[in-house]
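Before any comments, here is the structure.
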Amino acid sequence: MTGSYMPSSAVVQLVTGAGLIWTRISLDLPVVHAKMGVKLALDILVAVTALVGMRNKQSWAFYAVGTFTAAAAIVAVVWK
């Protein structure tokens, strides 16, 4: 059920998140390190789950990746 787009999208999510954090730090803008740690952990969880799901053809991985991605979005929006 999980396609090849899911792992590559998870990697893009990791890279763009790291790039945005690096940009804020290089511009001396404030960064909430605890929030970024939680987001990084969720992004890694998304990537690992997507890779495992694609490799093992597990249908639960599709829903798990969606749930973890939604959690990462909620953390990004709600946590100030």
Determine the minimum heavy-atom distance between [X] and [Y], stating which atoms define it.
X   : Y   : result
A10 : A47 : CB-CA, 3.5 Å
P30 : R24 : O-NH2, 2.8 Å
A61 : G53 : CB-CA, 3.3 Å
Y63 : S59 : CD1-O, 3.5 Å

Find the distance between CD (Q13) and OG (S8) and round it off to the nearest 0.5 Å.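 Between atom CD of Q13 and atom OG of S8 there are 11.5 Å.
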
Going by side-chain contact (heavy atoms from CB on, under 4.5 Å), M6 matches just one of V65, T69, V46. Which one?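 The option that passes is V65.
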
Quick one: side-chain contact (heavy atoms from CB on, under 4.5 Å) partners of V12, sequence neighbours excluded?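 Result, side-chain contact (heavy atoms from CB on, under 4.5 Å) vs V12: T16.
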
Residues forming a side-chain contact (heavy atoms from CB on, under 4.5 Å) with L40, sequence neighbours excluded: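 Per chain and number, L40 pairs via side-chain contact (heavy atoms from CB on, under 4.5 Å) with L14, I44.
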
Are W60 and T49 side-chain neighbours, meaning at least one heavy-atom pair lies under 4.5 Å?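 They are in contact (side-chain heavy atoms under 4.5 Å apart), so the answer is yes.
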
Other cluster members, [X] - Ile/Leu/Val/Met/Phe/Trp/Tyr, side-chain contacts below 4.5 Å:
X   : answer
L27 : L29
V75 : V32, V38, L42, W79
V78 : I74
M36 : I21, I25, V31

ILVMFWY cluster, L51 and L45 together (side-chain gap under 4.5 Å):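 They do not share one cluster, since no chain of ILVMFWY contacts under 4.5 Å joins L51 to L45.
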
Contacts of W22 that satisfy side-chain hydrogen bond (donor to acceptor under 3.5 Å, both in side chains) - sequence neighbours left out: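 Once residues adjacent in sequence are excluded, W22 has no partner under the side-chain hydrogen bond (donor to acceptor under 3.5 Å, both in side chains) criterion.
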
Not counting sequence neighbours, list each pair that qualifies as a side-chain hydrogen bond (donor to acceptor under 3.5 Å, both in side chains) and has a residue in residues 25-40.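 Qualifying pairs: none.
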
